[in-house]
A.B. asks: 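Would you mind keeping the following structure in view while I ask a few things?
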Amino acid sequence: MNGYAMLKIGESGWIEKERPVCGPMDAICKPLAVAICTSDVHTLWEGAIGERHNMILGHECCAEVVEVGSLVKDFKPGDRVLVPAITPDWNSLEAQAGYSMHSGGMLAGWKFSNFKDGVFAEFFHVNDADGNLALMPADMPAEDACMLSDMVPTGFHGVELADVQFGDSVLVIGIGPVGLMAVAGANMRGASRIIAVGTRQVCVDAARGYGATDFISYKDGSIEDQVLSMTGGKGVDKIIVAGGDCGTFDSAVKCLKPGGNIGNVNYLGEGDYVNIPRVEWGVGMGHKQITGGLMPGGRLRMEKLGSLVTAGKLDVHPLISHVFKGWEHLEEALFLMRDKPRDLIKPVVIIED
Ligand code: NDP
Ligand code: ZN
């Protein structure tokens with residue numbers, strides 16, 4: 001089969017590989033549509049998880065099942081499925097402890113385009129199919145279904161990590177597609193004020209639609225100066241970090257009220273350390289919690305998030321700024337994600353309607 005792979009850090013291209021083998025609990029699927037992620041950019045061009053040779057990229061798609069193992073109960077060939085970016089081993093001790101995304105070791109629930117070949121291929125392998133796949137709602141367009149792989153669950157996980165409550169003032173740092181879903185999630189959880197940080201006008205417009213009330217640009221001075229002046233020097237109750245770099249935590253801690261939480265879902269592609277400002281962190285006693293997390297995967301979450309879309313409570317369509325048709329456009333879409341033109345939010349490549 002053909003797959004689009006990371007050949008080594010900074011180099012990618014189409015390669016031929018053996019079609020993956022289906023174990024008893026697994027499924028083999030073929031993508032109906034794939035989406036490109038900023039994480040693909042970190043992995044391929046920044047070498048953020050280290051060197052990988054001839055590893056097929058991609059972890060966001062919806063798909064059709066073509067083969068299932070003998071122990072798979074709930075899926076059969078021909079089923080159209082939602083595919084989470086993170087596919088844990090559900091019988092692992094880490095999953096039993098509540099951290100399925102780290103099943104088998106830190107971040108090891110993230111298998112596609114990390115520990116095994118990803119979804120930018122004619123066929124891909126899904127472990128623990130009953131635990132990880134979910135049926136795709138019949139009337140859901142393939143490009144929308146791709147947003148449920150990663151953007152919705154990651155943005156919403158940022159909201160969970162920040163523990164947004166009714167009436168909270170919330171700062172969302174970064175309003176690419178992940179941050180936009182954090183805005184939407186914070187809004188659903190009852191945030192009163194949502195301050196969004198980003199500069200691309202398409203993202204600002206989408207953030208307004210998802211419930212952001214105030215906007216700042218990280219290019220117009222420090223985030224903390226702007227947030228503190230907007231909040232009478234008090235800062236905000238909760239912060240979700242979905243953009244920026246290691247230095248962003250300095251600003252976030254300075255913007256947070258004591259007792260608040262910072263939920264980071266940003267993939268820190270570069271740098272060795274995250275610095276926490278000592279004084280603004282309450283000289284170590286400020287009750288300012290910082291948590292960083294990988295999105296949880298799993299069928300139950302996919303079904304629930306999918307039901308938000310089918311119930312009309314969450315419209316993922318505004319995330320999709322570029323739609324291509326056919327594998328031959330995959331590389332163009334990937335390069336677009338690297339270059340981030342001003343009109344880009346999320347590119348999708350439809351393989352088969
Ligand atoms: P984008 O690059 O599309 O968006 C990044 C956002 O951050 C933009 O709004 C950008 O602003 C803003 N930004 C850039 N630089 C700064 C800065 N210095 N300070 C503050 N804001 C800044 O990314 P995505 O939304 O696609 O992804 C966000 C992150 O989430 C990525 O690192 C991605 O790898 C990660 N991720 C994590 C997952 C997880 O499970 N934890 C899963 C999926 C993705 P501008 O408008 O100027 O571009
Ligand atoms: Zn992704």
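Atoms within each ligand, like the ligands themselves, are counted from 1 in listed order.
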A.B. asks: For atom 23 (O) of ligand 1, find the nearest protein heavy atom and state the residue, atom name and distance (0.1 Å precision).
C.D. replies: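 Of every protein heavy atom, T38 OG1, 3.2 Å lies nearest to atom 23 (O) of ligand 1.
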
A.B. asks: State the atoms of ligand 1, each with its element, that fall below the 4.0 Å cut-off from a heavy-atom position in T154.
C.D. replies: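 Every atom of ligand 1 under 4.0 Å from some heavy atom of T154: 37 (C), 38 (C), 39 (C), 40 (O), 41 (N), 42 (C), 43 (C).
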
A.B. asks: Taking 4.0 Å as the limit for heavy-atom contacts, which would you say applies to L344 with ligand 1: side chain only, backbone only, both, or neither?
C.D. replies: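 Neither; nothing of L344 gets under 4.0 Å from ligand 1.
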
A.B. asks: For atom 25 (O) of ligand 1, what is the nearest protein heavy atom, given as residue, atom name and distance?
C.D. replies: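 Result: V178 N, 3.0 Å.
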
A.B. asks: Enumerate the atoms of ligand 1 whose separation from the nearest heavy atom of G293 is less than 4.0 angstrom.
C.D. replies: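 This gives 41 (N) as the contact atoms.
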
A.B. asks: Side chains of N132 and W90: any donor to acceptor distance under 3.5 Å?
C.D. replies: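 A donor-acceptor contact under 3.5 Å links the two side chains.
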
A.B. asks: Using distance alone, decide if ligand 1 has a nitrogen or oxygen within less than 3.5 Å of any nitrogen or oxygen in K219.
C.D. replies: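 For ligand 1, there is no N or O atom that lies under 3.5 Å from one belonging to K219.
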
A.B. asks: Looking only at protein heavy atoms, which one is nearest to atom 9 (O) of ligand 1, and how far off is it?
C.D. replies: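 Nearest neighbour among protein heavy atoms for atom 9 (O) of ligand 1, to 0.1 Å: I175 N, 2.8 Å.
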
A.B. asks: Which of the atoms in ligand 1, numbered in the order shown and given with their element, are less than 4.0 Å from a heavy-atom of S39?
C.D. replies: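 Matching atoms, with element in brackets: 33 (C), 34 (O), 36 (N), 43 (C), 44 (C).
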
A.B. asks: Is there a donor-acceptor pair closer than 3.5 Å between any side-chain N or O of R193 and the backbone N or O of T213?
C.D. replies: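 Such a contact is absent between R193 side chain and T213 backbone.
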
A.B. asks: Counting non-hydrogen protein atoms only, what is the nearest one to atom 18 (N) of ligand 1? Give residue, atom name and distance.
C.D. replies: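 Result: Y218 CD1, 3.8 Å.
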
A.B. asks: Set out, in order, the CA-CA distance, both residues' side-chain angles and the distance that settles ring pair (Phe, Tyr, Trp, His ring centres under 6.0 Å) for W110 and Y267, then state yes or no.
C.D. replies: CA-CA 13 Å; W110 170 22; Y267 174 175; 5.8 Å; yes

A.B. asks: With a heavy-atom distance limit of 4.0 Å, tell me whether K346 approaches ligand 1 through its side chain, its backbone, both, or neither.
C.D. replies: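 For K346, no heavy atom sits under 4.0 Å from ligand 1.
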
A.B. asks: Any atoms of ligand 1 less than 4.0 Å from a non-hydrogen atom of G243? List them with their elements.
C.D. replies: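 Every atom of ligand 1 under 4.0 Å from some heavy atom of G243: 7 (O).
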
A.B. asks: Assess, by modelled atom type and distance only, whether the side chains of H125 and D117 contain a donor and an acceptor separated by less than 3.5 Å.
C.D. replies: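 Judged by distance alone, the side chains do not pair up.
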
A.B. asks: At a cut-off of 2.8 Å, list the protein N/O/S atoms near the Zn ion (ligand 2), residue plus atom name.
C.D. replies: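 Listed by chain and number, the atoms are C37 SG, H59 NE2, E60 OE2, D150 OD2.
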
A.B. asks: Checking S103 side chain against S92 main chain: does a donor-acceptor pair fall under 3.5 Å?
C.D. replies: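 Pair absent, no side-chain N/O of S103 close to backbone of S92.
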
A.B. asks: Using a 4.0 Å cut-off to any heavy atom of L294, which atoms of ligand 1 qualify?
C.D. replies: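 So the atoms of ligand 1 that pass are 40 (O), 41 (N).
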
A.B. asks: Shared ILVMFWY cluster between M55 and W45, side chains joined below 4.5 angstrom?
C.D. replies: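 Linked, M55 and W45 end up in one cluster.
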
A.B. asks: Any atoms of ligand 1 less than 4.0 Å from a non-hydrogen atom of G174? List them with their elements.
C.D. replies: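 Every atom of ligand 1 under 4.0 Å from some heavy atom of G174: 6 (C), 7 (O), 9 (O), 12 (C).
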
A.B. asks: With heavy atoms of D150 as the reference, note each atom of ligand 1 found under 4.0 Å away.
C.D. replies: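 Once the distances to D150 are compared, the set is 42 (C), 43 (C).
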
A.B. asks: With heavy atoms of A242 as the reference, note each atom of ligand 1 found under 4.0 Å away.
C.D. replies: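 Atoms satisfying the 4.0 Å criterion: 5 (C), 28 (C), 29 (C).
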
A.B. asks: Can you tell me if S149 uses its side chain to pair, donor with acceptor, with the backbone of V83 under 3.5 Å?
C.D. replies: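 Such a contact is found between S149 side chain and V83 backbone.
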
A.B. asks: Step by step, work out the salt bridge (charged side-chain N to carboxylate O under 4.0 Å, His left out) result for R19 and E122.
C.D. replies: CA-CA 8 Å; R19 178 177 150 158; E122 289 174 275; over 6 Å; no

A.B. asks: Between the side chain of N264 and the main-chain N/O of N266, is any donor-acceptor distance below 3.5 Å?
C.D. replies: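 Yes, the answer is positive, given that a donor and an acceptor are paired below the 3.5 Å cut-off.
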
A.B. asks: For the residue pair T248 and Y218, confirm or rule out a side-chain donor-acceptor distance under 3.5 Å.
C.D. replies: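 There is no such pair (donor and acceptor under 3.5 Å, judged by atom type) between the side chains of T248 and Y218.
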
A.B. asks: K304: which residues meet the side-chain hydrogen bond (donor to acceptor under 3.5 Å, both in side chains) condition with it, sequence neighbours left out?
C.D. replies: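 Partners of K304 by the side-chain hydrogen bond (donor to acceptor under 3.5 Å, both in side chains) criterion come out as none, since no residue qualifies.
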
A.B. asks: Judged by atom type as modelled, is there a donor-acceptor pair below 3.5 Å linking the side chain of K346 to the main-chain atoms of S321?
C.D. replies: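 Looks like no, no N/O pair under 3.5 Å.
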
A.B. asks: Does a donor on one side chain sit under 3.5 Å from an acceptor on the other, for R338 and T38?
C.D. replies: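 The answer is no; no qualifying pair exists.
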
A.B. asks: Is the side chain of K288 donor-acceptor paired with the backbone N or O of V253 at a distance under 3.5 Å, no angle test?
C.D. replies: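 Yes.
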
A.B. asks: Mind listing the closest non-hydrogen atom pair of I56 and K17 along with its distance?
C.D. replies: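 Heavy atoms of I56 and K17 come nearest at CD1-CD, 4.0 Å.
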
A.B. asks: What part of K340 sits under 4.0 Å from ligand 1 if we count only heavy atoms: the side chain, the backbone, both or neither?
C.D. replies: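 Near ligand 1, K340 shows its side chain, while the N, CA, C and O stay back.
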
A.B. asks: Look at atom 3 (O) of ligand 1 and say which protein heavy atom is nearest, naming residue and atom and giving the distance to 0.1 Å.
C.D. replies: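 That would be R200 NH2, 3.0 Å.
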
A.B. asks: Looking only at distances, can you tell me whether any N or O atom of R342, backbone or side chain, sits closer than 3.5 Å to an N or O atom of ligand 1?
C.D. replies: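 N/O-N/O distance below 3.5 Å does not exist for this pair.
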
A.B. asks: Do any N/O atoms on D245 end up under 3.5 angstrom from N/O atoms on ligand 1?
C.D. replies: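 No, since none of the N or O atoms of D245 sits under 3.5 Å from an N or O of ligand 1.
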
A.B. asks: Under the 3.5 angstrom rule, does the side chain of N127 hit a backbone N or O of P88 as a donor-acceptor pair?
C.D. replies: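 Here the side-chain-to-backbone pair exists.
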
A.B. asks: Just to be sure I read this right, does ligand 1 sit under 4.0 Å from the backbone of V265, its side chain, both, or neither, counting only heavy atoms?
C.D. replies: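 The answer is both, backbone and side chain.
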
